[in-house]
Visitor: 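Sharing a structure, written as structure tokens. Questions coming.
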Amino acid sequence: MRILLIHSDYLKYKTKSKTRIAEKIEDDKKEGLYENALVVFTAVEKEDETDMDTVVENAVNEIEDVFGKVGAKVVAIYPYAHLSSSLSSPDAAKKILTNMESKLDENGINVKRVPFGWYKSFEVSCKGHPLSELSRTITTEKVVIEDNKVVVTPVAESEFYILHEGEIVGTDEFSYAEDDFKKLVEYELGIMKSSGEEPPHVKLMREKKLADYEPSADIGHLRWYPKGRLIRDLLSAYVYNLVTERGAMPVETPIMYDLADDAIRVHAEKFGERQYRMATKNKELMLRYACCFGAFRVLSDSFLTWKNLPVGIYELSTYSFRLEKKGEVVGLKRLRGFTMPDLHTVCVDIDQAMDEFDEQITMCKQTGVDLDVNYEVIMRATKEFFDENKDWVYSAANKIGKPVLLEILPERKHYWVAKMDFAAIDYLGRPIENPTIQIDVESGERFGITFINSEEEEINPIIIHCSPTGSIERVICSLLEKSAVDKKDKPPMLPVWLIPTQVRIIPIAERHIEKSEQVAQLLKNQNIRVDIDDRHETVGKKIRNAGGEWAPYVIVIGDRELEEGPLTVNIRETNEKLSMKIDELVLKIHNETKDMPFRKLPLPVKLANRVSF
RNA sequence: GCCUCAGUGGCUCAGGGGUAGAGCGAUGCCUUGGUAAGGCAUAGGCCGGGGGUUCAAAUCCCCCCUGAGGCUCCA
């Protein structure tokens with residue numbers, strides 16, 4: 001429910017004509033004049049229908065609070081549909097508005113309600129003091145009043161443990177050997193102190209010309225420059241290969257959905273206000289915040305039998321949209337538009353889901369190796385699930401090979417009963433939630449997904465949600481944060497398969513450019529991204545610039561190299577100058593990029609021709 | 001969304017009611033060179049946007065936008 005509160009000198013209204021949904025009214029309600037009134041313009045929304053009593057209660061509390069503060073004489077409830085683009089049914093609205101009226105009345109407040117469903121003229125004279133114009137969003141969340149303060153009803157709290165080598169211990173009793181794990185636990189338990197610094201990846205993503213803010217879009221939507229786009233493409237190809245090799249089938253589904261579809265609406269409403277919504281002429285649409293919608297619709301329209309299962313449907317959501325709060329959006333870590341690899345695996349039952357989950361743990365772990373990022377892991381389960389499947393939870397945690405934080409939730413709040421979150425730890429010691437695996441026990445039924453079991457019965461399957469890397473943006477975030485950590489004791493780098501310039505060739509004088517081009521062509525033919533710094537600068541400066549671009553290999557070509565023979569190659573990682581033949585360099589790079597995807601350099605080979613972004 | 005702080009050339013920043021500044025970068029010229037910044041010159045600014053105060057606003061005040069930190073949140 002949305003309300004707009006106006007403290008007015010007076011409200012004056014007059015009914016003009018009925019709409020189809022008009023309520024019946026007595027003649028004395030056809031017009032009205034209320035002086036010193038707190039006018040409550042109210043739009044009742046779809047989600048309010050799920051818990052009308054709570055909405056009424058919350059709204060009444062809010063109104064009474066403001067009423068008391070501004071010292072108005074009367075509350076005038078004014079139905080005003082234009083505050084929301086997601087309206088409830090007229091019947092529900094009428095009921096809620098009437099209930100608000102009687103509740104306020106019971107509490108001894110002089111309350112009037114302006115008729116619903118009529119075209120009306122009105123005049124309102126706003127007093128204009130600081131509290132005279134307020135808007136509020138009222139939700140179905142239960143609140144209690146305590147010491148005059150509104151407090152969200154405390155839900156029973158989660159319990160936290162550490163699982164390690166088959167043992168379960170309290171978070172206090174565990175002796176933390178690994179720094180990153182300790183940070184993760186402190187963060188999860190809310191005992192980490194903030195340092196107040198800016199995370200380094202934000203500066204890096206701009207400095208390295210990967211991505212930048214786009215002030216002309218909404219907050220949290222980025223522009224990507226060629227180098228950033230290249231890395232995104234490589235990561236996308238990487239995940240595609242990873243999941244298809246394990247049998248998943250890629251699909252592509254729409255980015256927006258019609259809220260008239262019940263299953264879509266219920267699933268969407270769980271996400272509350274954090275959605276982008278748009279109204280077209282006849283439809284109320286939402287932008288997807290994950291691939292679930294499309295995947296579930298594909299699955300519910302497919303014929304599945306127990307022989308097919310488990311089966312995976314994969315999509316890379318370019319983009320998913322979440323209307324995160326302004327203050328929460330930061331760099332690559334938290335965006336309003338992001339790209340999420342999303343794998344949905346249909347399983348016949350919870351046992352098969354657990355087996356499949358085990359496979360996916362292996363897959364998620366592998367991404368940490370391929371990306372060269374350290375993950376710390378949190379396993380979460382509802383109390384009920386944990387009690388029934390203790391052995392499996394222990395063994396799943398054991399697959400991580402190091403301590404795992406375990407959260408046990410007293411009851412199921414979400415669609416999942418068990419999940420595993422993999423987090424990289426940023427420069428400031430805070431987790432970046434990346435891969436995730438979740439066992440979903442709810443969506444199969446909600447979206448009408450069924451399979452035929454061996455007894456020819458139609459059954460709702462268990463579905464596993466998995467993002468093997470987490471969002472592409474967060475992967476890049478983790479890589480940049482890691483480089484900032486590394487900077488303390490070694491040169492910051494990206495994995496060789498991801499860095500835009502793998503080999504930088506520096507000709508000393510113009511007469512060395514031709515030879516540089518020949519070397520570049522040989523490397524290019526071997527699927528290596530190579531470029532030539534042909535600018536009129538000193539060798540020292542070009543070396544410095546190559547370092548600034550994190551080029552892992554730099555070759556200087558001068559008179560000595562004009563003859564056939566070995567090249568001198570600067571190796572960034574070790575800061576060595578090695579004499580090697582081209583073939584040796586090719587072999588070294590191929591070894592380092594083995595089994596990883598390749599894309600060509602999306603920039604002019606010669607630096608003199610490049611646009612500077 | 002709330003609280004605090006910030007926005008001056010492409011970048012990093014100085015200035016602080018009365019000619020708009022520096023370094024880096026860019027461009028041009030000189031230098032044709034051997035491993036982390038060669039020299040000289042030039043261009044580039046509605047001082048985030050809009051209102052107000054003032055003879056005069058980049059500077060003071062108000063609103064908005066954008067960014068940072070914190071709070072909250074991340075299904």
Side-chain angles (χ1 to χ4, degrees), chain A residues 134-137 141 152 187-188 190 192-200 202-203 206-209 212-221 266-275 289-290 292 320 322-331 333-336 338 340 380 409 412-416 419 421 423 428 430-433 436 438 440 442-443 465 470-471 474 491 504 506-513 533-549 551 554-562 567-572 575-578 608 610-613:
Chain A
L134 297 168
S135 68
R136 294 282 186 270
T137 302
E141 196 168 16
V152 176
Y187 187 91
E188 275 299 311
M192 169 172 272
K193 59 212 174 305
S194 308
S195 68
E197 288 172 83
E198 178 176 354
V202 178
K203 199 173 167 189
R206 306 177 73 186
E207 199 177 284
K208 303 302 171 202
K209 303 301 177 193
D212 208 339
Y213 294 115
E214 175 50 78
S216 300
D218 190 17
I219 296 161
H221 295 265
V266 174
H267 199 72
E269 276 166 8
K270 293 207 145 195
F271 197 50
E273 286 187 4
R274 289 174 187 254
Q275 295 167 56
Y289 53 81
C292 306
S320 284
R322 300 187 184 188
L323 198 57
E324 304 288 6
K325 286 195 242 170
K326 263 170 80 171
E328 294 163 358
V329 174
V330 54
K333 192 168 182 177
R334 197 84 174 271
L335 290 158
R336 282 185 175 179
F338 60 95
M340 182 86 153
R380 306 182 205 263
L409 295 90
R412 182 157 72 82
K413 283 195 285 188
H414 313 304
Y415 55 71
W416 52 266
K419 72 185 292 206
D421 292 322
L428 301 172
R430 297 176 300 201
I432 309 167
E433 281 175 30
T436 182
Q438 307 166 352
D440 177 350
E442 216 174 87
S443 300
H465 301 239
S471 84
R474 280 193 178 169
R504 164 69 47 89
I506 297 178
I508 291 174
E510 274 172 36
R511 66 175 177 279
H512 306 124
I513 288 181
D533 191 346
D534 59 334
R535 297 171 308 161
H536 286 200
E537 296 291 350
T538 57
V539 174
K541 186 159 180 173
K542 291 181 187 179
I543 290 280
R544 185 185 160 88
N545 289 158
E549 294 190 39
V554 178
I555 303 171
V556 177
I557 292 187
D559 289 339
R560 294 206 291 269
E561 285 75 17
L562 288 179
L567 300 166
T568 308
V569 182
N570 295 254
I571 318 248
R572 178 177 177 77
N575 202 20
E576 288 173 293
K577 278 197 285 255
L578 293 185
R610 281 194 191 164
V611 173
S612 51
F613 291 103

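Reminder, nothing fancy here: chain letters follow the sequence lines and each chain counts from 1.
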Visitor: Quick one: does any side-chain atom of A/Lys542 pair with a main-chain N or O of A/Val556 as donor and acceptor, under 3.5 Å?
Guide: no

Visitor: Please classify the nucleic acid contact of A/Asp559 as base, sugar-phosphate, or nothing, using heavy-atom distances under 4.0 Å.
Guide: base

Visitor: Between B/U19 and B/U27, how many Å separate the two P atoms, rounded to a whole number?
Guide: 33 Å

Visitor: Once you round it to whole Å, what is the distance between P of B/A37 and CD of A/Glu549?
Guide: 16 Å

Visitor: Using the side-chain heavy atoms of A/Val330, tell me which of these nucleotides is nearest: B/U32, B/G34, B/A68.
Guide: B/A68

Visitor: Please identify each residue that fulfils ring pair (Phe, Tyr, Trp, His ring centres under 6.0 Å) with A/Tyr187, with sequence neighbours left out.
Guide: none

Visitor: Output one letter per nucleotide in nucleotides 24-31 of chain B: B when a protein non-hydrogen atom lies under 4.0 Å from the base, S when only the sugar-phosphate is that close, - when neither is.
Guide: -SS----B

Visitor: Give the B/S/- string for nucleotides 44-49 of chain B, one per nucleotide from 5' to 3', where a protein heavy atom under 4.0 Å of the base yields B, of only the sugar-phosphate yields S, and otherwise -.
Guide: ------

Visitor: Distance check, rounded to the nearest 0.5 Å: A/Leu323 atom CG versus A/Gln275 atom CD?
Guide: 9.0 Å

Visitor: Base, sugar-phosphate or nothing for A/Lys542? Non-hydrogen atoms, less than 4.0 Å.
Guide: nothing

Visitor: One thing to verify: whether A/Arg544 and A/Glu537 come together as a salt bridge, which I'm taking to mean a side-chain N less than 4.0 angstrom from a carboxylate O.
Guide: no

Visitor: Measure CD1/A/Ile508 against P/B/U32 and give the value in whole Å, please.
Guide: 14 Å

Visitor: Restricting to non-hydrogen atoms, name the atom on A/Arg511 and the atom on A/Leu562 that form the minimum distance, rounded to 0.1 Å.
Guide: O-CD2, 4.4 Å

Visitor: Under 4.0 Å between a side-chain N/O of A/Arg572 and OP1 or OP2 of B/A36, yes or no?
Guide: no

Visitor: Could you check A/Asn575 against A/Lys203 and say which one's nearest nucleotide on RNA chain B is further toward the 5' end?
Guide: A/Lys203

Visitor: Taking the side chain as every heavy atom from C-beta outward, state whether A/Asp533 and A/Val554 have any pair of such atoms under 4.5 Å apart.
Guide: no

Visitor: Do the side-chain N and O atoms of A/Asp559 and A/His512 include a donor-acceptor pair separated by under 3.5 angstrom?
Guide: yes

Visitor: Locate the shortest heavy-atom distance separating A/Gln438 from A/Tyr415; write the atom from each residue and the value.
Guide: OE1-OH, 2.7 Å

Visitor: Please find the pair of heavy atoms, one from A/Arg474 and one from A/Lys333, that lie closest to each other, and give the distance.
Guide: NE-O, 2.7 Å

Visitor: A/Arg504 has an atom CZ; how far is it from atom P of B/A36, in whole Å?
Guide: 16 Å

Visitor: Kindly label the base of B/U66 as syn or anti, based on whether its glycosidic torsion lies within 90° of 0.
Guide: anti

Visitor: On RNA chain B, check which nucleotide each of A/Gly547 and A/Lys209 is closest to and give me the residue with the more 5' one.
Guide: A/Lys209

Visitor: Given pairs defined as Watson-Crick or G-U wobble with both distances under 3.5 Å, what dot-bracket annotation applies to RNA chain B, with ( ) intrastrand, [ ] crossing, | other strand and . unpaired?
Guide: ((((((((.[[[[.)..(..]]]].(((((.......))))).....[[[[[..)....]]]]])))))))....

Visitor: Base, sugar-phosphate, or nothing: which does A/Arg560 touch, judged by heavy atoms less than 4.0 Å apart?
Guide: base

Visitor: Atom CZ of A/Arg544 and atom C1' of B/A36: how far apart are they, to the nearest Å?
Guide: 6 Å

Visitor: Determine the Euclidean distance between corresponding C1' atoms of B/U12 and B/U54; express it in Å to zero decimal places.
Guide: 34 Å

Visitor: Please give me the minimum heavy-atom distance between A/Ala290 and A/Arg322, naming the atom from each residue.
Guide: CB-NH2, 4.2 Å

Visitor: For a quick check, with a 4.0 angstrom heavy-atom cut-off, what is the B/S/- contact string for nucleotides 70-75 of chain B, read 5' to 3'?
Guide: SBBBBB

Visitor: Nearest heavy-atom pair of A/Ile219 and A/Arg336: which atoms, and what distance?
Guide: O-CD, 3.1 Å

Visitor: Has the side chain of A/Lys325 got a donor or acceptor atom that lies under 3.5 Å from a matching backbone atom of A/Arg274?
Guide: no

Visitor: Below 4.0 angstrom, N of the basic side chain to O of the carboxylate: do A/Glu188 and A/Arg380 qualify?
Guide: yes

Visitor: Students often get this wrong, so: under 4.0 angstrom with heavy atoms, is A/Pro431 touching a base, only sugar-phosphate, or nothing?
Guide: nothing

Visitor: Whole angstrom is fine here: how far is it from CD in A/Glu198 over to C1' in B/G69?
Guide: 9 Å

Visitor: For A/Val202 versus A/Gly331, what's the shortest heavy-atom pair and its separation?
Guide: CG2-CA, 3.8 Å

Visitor: How many whole angstroms separate atom CD1 of A/Ile571 from atom P of B/U35?
Guide: 18 Å

Visitor: Check nucleotides 64-66 of chain B for protein N or O atoms closer than 3.5 Å to its own N or O atoms and list the pairs.
Guide:
none

